*Asks:* 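Take a look at this one; I'll ask things after.
Values in this document were obtained by computation on a predicted structure and should not be read as measured data.
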Amino acid sequence: MLRQRVFMPALLALLSVFMLSGCALNEPSDTVSLAAGWSYAAVSGDFTPSDNSSPAEVHSFVKSMHFTPLADAELSALETLLPSREGEVWLIKTFTLPASFKETDLSVFLGRIAMADRTWLNGHYIGGEGWFPPDEFSAWNDARLYHVPQDAVNWDGTNYLLVRIRVYGEGSIVSSPFIASTETAKKAASREAFLNSRLNLLFAFLMIIIALYHLMLYFQRKSERENLVFAILNIVSALYMSVFYLTEIPSLPWRGMSFLWFQKIFSSSLPFVIGLLVPSFVNSFLKRRDHWSVLVIRLILCVVPIVLSVLAPDYIKLRADRPLLQLLLIPPVLYTLVILIGAWIKKKKNALPLLLGFSPLVVTLLVDLLLHNLLWQYIDGLYALPYFTSYGWQLVIIALLFVLASKASAAYREVEDLNQNLEKKVELRTEELSKANAELEDANARAARDLKLAAFVQQSFYARSVPSVDGWDIALYFKPMSGVSGDLYDFFTEGKKLRGLGLFDVSGHGISSGLVTMLAKTTIDRIFAAEQNKPLASVMGLINKAIIEEKGDIQNYLTGLLVRIDGDRVEYVNGGHPPMFYRMANGRVVPVEVPGAQDDSAGGIVGMAGLDSEFKGIQFGMKSGDALIMYTDCLSESNAENGKEQFGYTRIMEAFSACPSVSGAKQKLEQVLEAYASFTGDKPANDDLTVIVLQKK
């Protein structure tokens, strides 16, 4: 059993390397490759095309430029084309498209680009990521996916792709670019984003949860200092990983945010803080202390590279110094290994599991050195691979979490053995039972605080109040069953204008479904905002596909509905969710029925792989005083106190209709909730409950 427990981290690291490598090197088959045959120009003329430039202006610009053929290997090292390693490089690639593509919706996949780009197809601007000076910020980890307008394609001859790239100490097209059907390109972009940013965001979120949990453990038992150091280690690691996932967080980076200082602090300084914390964690875990001279050396190895990084005058200098400064991370790693090997030789308890727990970091570090420092120049495709060390460190965190849990479990077993022995002494039996009860109450209290902390973190992702918007009155009731909710809702606004709203219910309960709500909410927000011009049923389909891909083998699925609003027009799509009801100003209530649906909810459930879900929508108008009510299934499926009858759709419609016509959304919501409370009595809800009323002013 011990061998299995300590061997698993290393095995997981190796499996991750091979799986991620396989994903990164797969190439779509129905594509036109753009990976070779580029030309470049490093100096522009007096006129520089902008997002709003006409195709004719861009054509004229291209004709005025002298483009030089670019070696394929130089595509990943554009900074070498500029004497100062800073400026702009203009890349151009000519290609033809097969006639079979004429009826296909096309997109260009450029993958990751360092640092920022603006891209044109045949003079038509198709997109760009990152910011150019003066407010420059790199979008190096964003997968570039740009839709191709049909009128921009030259089907009878040669096409050209023009890419303007900001170079600042580094510049590259990391991935293998291609043009293909939008579906194929989106899959590649989704895979690239998941491996390089979203997976890191998920791990960072888990690290914050782990940190909060171990902070709570430390404040309960301050003698176990390893819990405090482990919590700080998780927080610092989550902040360091923001280098990979920053752009996945809404509103980040903000305009004017300094890219140089972000790199100085998060990318260049925090690794040395981690290097300081790792030996401290091992020392705390093994109940040992460093000699003061060793502690001084460790502090110097942390402070000196941080100071040098902060003093770097620009990013070129910072990036050039980083490989040398990172050599100062080797002594803390070696020192940690020396401590662990010495403890293992002395047969200290848990030394071997702790030693093997660091094995994923060693394995992935060696893999990155091999792939990214030695072999990438000789083997095509290796440069596009992600850096596996970050995944190795995440596996280390998980391994250390299990080691700490194992230690706690062993301590609990010792307490149980002690209790059994004490039970033999009749005179101490009462005292033992009192102690056991106190420990149980303490454990229950800690569990309740854990859940409360998790709920607090989750609720920080939700709107704390309904938005104040023009033309609409909104009322919301949200009550999780156990603190962490499987319900998720959102209001999509643009200034004072309401664009729509969503309500979804994740299967299951507890923290696992709560984590899925976080993943799903990010996906829903992103796709709803990005696909404003598509029918809402298609948007729900894209959300379904994205959630299936992003949650992987997690079994939780969702039901839900989306509403899009344009003036007094409402577009509605339901994915396996309880029906929405429409209340006219005169009090009449009817279900909103989607044409072609077999029941009141159109389409299948969301996020279930292997299920052929087809979503349908409906559009209708609303007048002043008209209202909609949407809810999760707890409202309709809750039983009366006798447990024999559900509240049901009919009672919802009756309660919704019973409100006076002059009442607002809040009064209508309260009317429904009062009827629900009267029906269920003191019987507690067995599910999360969310109810939203939307009324046209």
Side-chain angles (χ1 to χ4, degrees), residues 1-26 194-197 199-200 202-204 206-207 210 230 233-234 236-238 240-241 243-244 267 270-272 274-279 281-282 285 322-323 326-345 350-379 381-406 552:
M1 184 67 180
L2 175 61
R3 290 181 180 177
Q4 293 178 350
R5 183 172 67 248
V6 299
F7 181 70
M8 281 304 294
L11 180 60
L12 285 172
L14 291 173
L15 288 175
S16 298
V17 169
F18 289 118
M19 290 174 65
L20 292 175
S21 298
C23 290
L25 295 175
N26 284 340
F194 177 76
L195 292 178
N196 292 284
S197 56
L199 187 59
N200 286 289
L202 179 60
F203 268 106
L206 291 174
M207 285 178 179
I210 292 170
F230 188 60
L233 190 60
N234 274 274
V236 174
S237 298
Y240 166 68
M241 288 164 57
V243 174
F244 301 96
S267 184
L270 290 186
F272 298 99
I274 294 174
L276 178 66
L277 290 172
V278 168
F281 168 76
V282 173
F285 187 87
R322 189 178 294 164
Q326 287 178 345
L327 293 176
L328 297 178
L329 290 172
I330 296 177
V333 173
L334 294 178
Y335 179 59
T336 301
L337 293 176
V338 169
I339 296 173
L340 291 172
I341 293 173
W344 176 46
I345 293 174
N350 288 321
L352 182 58
L354 197 61
L355 177 61
L356 294 181
F358 281 95
S359 62
L361 179 63
V362 176
V363 172
T364 53
L365 184 59
L366 292 175
V367 169
D368 277 342
L369 288 174
L370 182 65
L371 298 182
H372 291 281
N373 289 56
L374 299 177
L375 299 180
W376 71 271
Q377 302 178 66
Y378 309 105
I379 302 177
L382 292 185
Y383 186 81
L385 288 174
Y387 280 86
F388 298 116
T389 302
S390 64
Y391 302 122
W393 179 242
Q394 293 160 16
L395 290 172
V396 169
I397 291 293
I398 295 174
L400 296 182
L401 180 64
F402 277 102
V403 171
L404 287 172
S406 177

*Asks:* Could you pull out the closest heavy-atom pair between Trp344 and Ala351, with the gap in Å?
*Replies:* N-CB, 3.6 Å
*Asks:* If every non-hydrogen atom of Thr364 is compared with every non-hydrogen atom of Gly392, which pair is closest and at what distance?
*Replies:* OG1-CA, 3.4 Å
*Asks:* Should Leu327 and Ile330 be marked as a side-chain contact (heavy atoms from CB on, under 4.5 Å) after you check the CA-CA gap, both sets of side-chain angles, and the distance that decides it?
*Replies:* CA-CA 6 Å; Leu327 293 176; Ile330 296 177; 4.0 Å; yes
*Asks:* For Gly357 and Val396, work out which heavy atoms get closest and say how close.
*Replies:* O-CG2, 3.6 Å
*Asks:* Nearest heavy-atom pair of Met241 and Ala204: which atoms, and what distance?
*Replies:* CE-N, 3.8 Å
*Asks:* If you take all heavy atoms of Ser197 and Phe244, which pair is closest and at what distance?
*Replies:* CB-O, 3.2 Å
*Asks:* Please report the closest heavy-atom contact between Gly275 and Pro332, naming both atoms and the distance.
*Replies:* O-CB, 3.4 Å
*Asks:* Hey, can you tell me if Phe281 and Phe285 have their rings parallel, tilted or perpendicular (30° and 60° cut-offs)?
*Replies:* tilted
*Asks:* Take Phe358 and Val333, measure what side-chain contact (heavy atoms from CB on, under 4.5 Å) needs, and give me the verdict at the end.
*Replies:* CA-CA 10 Å; Phe358 281 95; Val333 173; over 6 Å; no
*Asks:* About how many Å separate CG of Leu233 and CG of Leu277, when rounded to the nearest 0.5 Å?
*Replies:* 5.5 Å
*Asks:* So, taking the atom named CG in Leu401 and the one named CG in Leu404, what distance separates them when rounded to the nearest 0.5 Å?
*Replies:* 7.0 Å
*Asks:* To the nearest 0.5 Å, what is the distance between OG1 on Thr336 and CG on Leu355?
*Replies:* 10.5 Å
*Asks:* Rounded to the nearest 0.5 Å, what separation is found between the CG atom of Asn234 and the CD atom of Gln394?
*Replies:* 11.0 Å
*Asks:* Atom CD1 of Ile398 and atom CH2 of Trp393: how far apart are they, to the nearest 0.5 Å?
*Replies:* 12.0 Å
*Asks:* For the CD1 atom of Ile397 and the CG atom of Leu206, what is their distance to the nearest 0.5 Å?
*Replies:* 11.5 Å
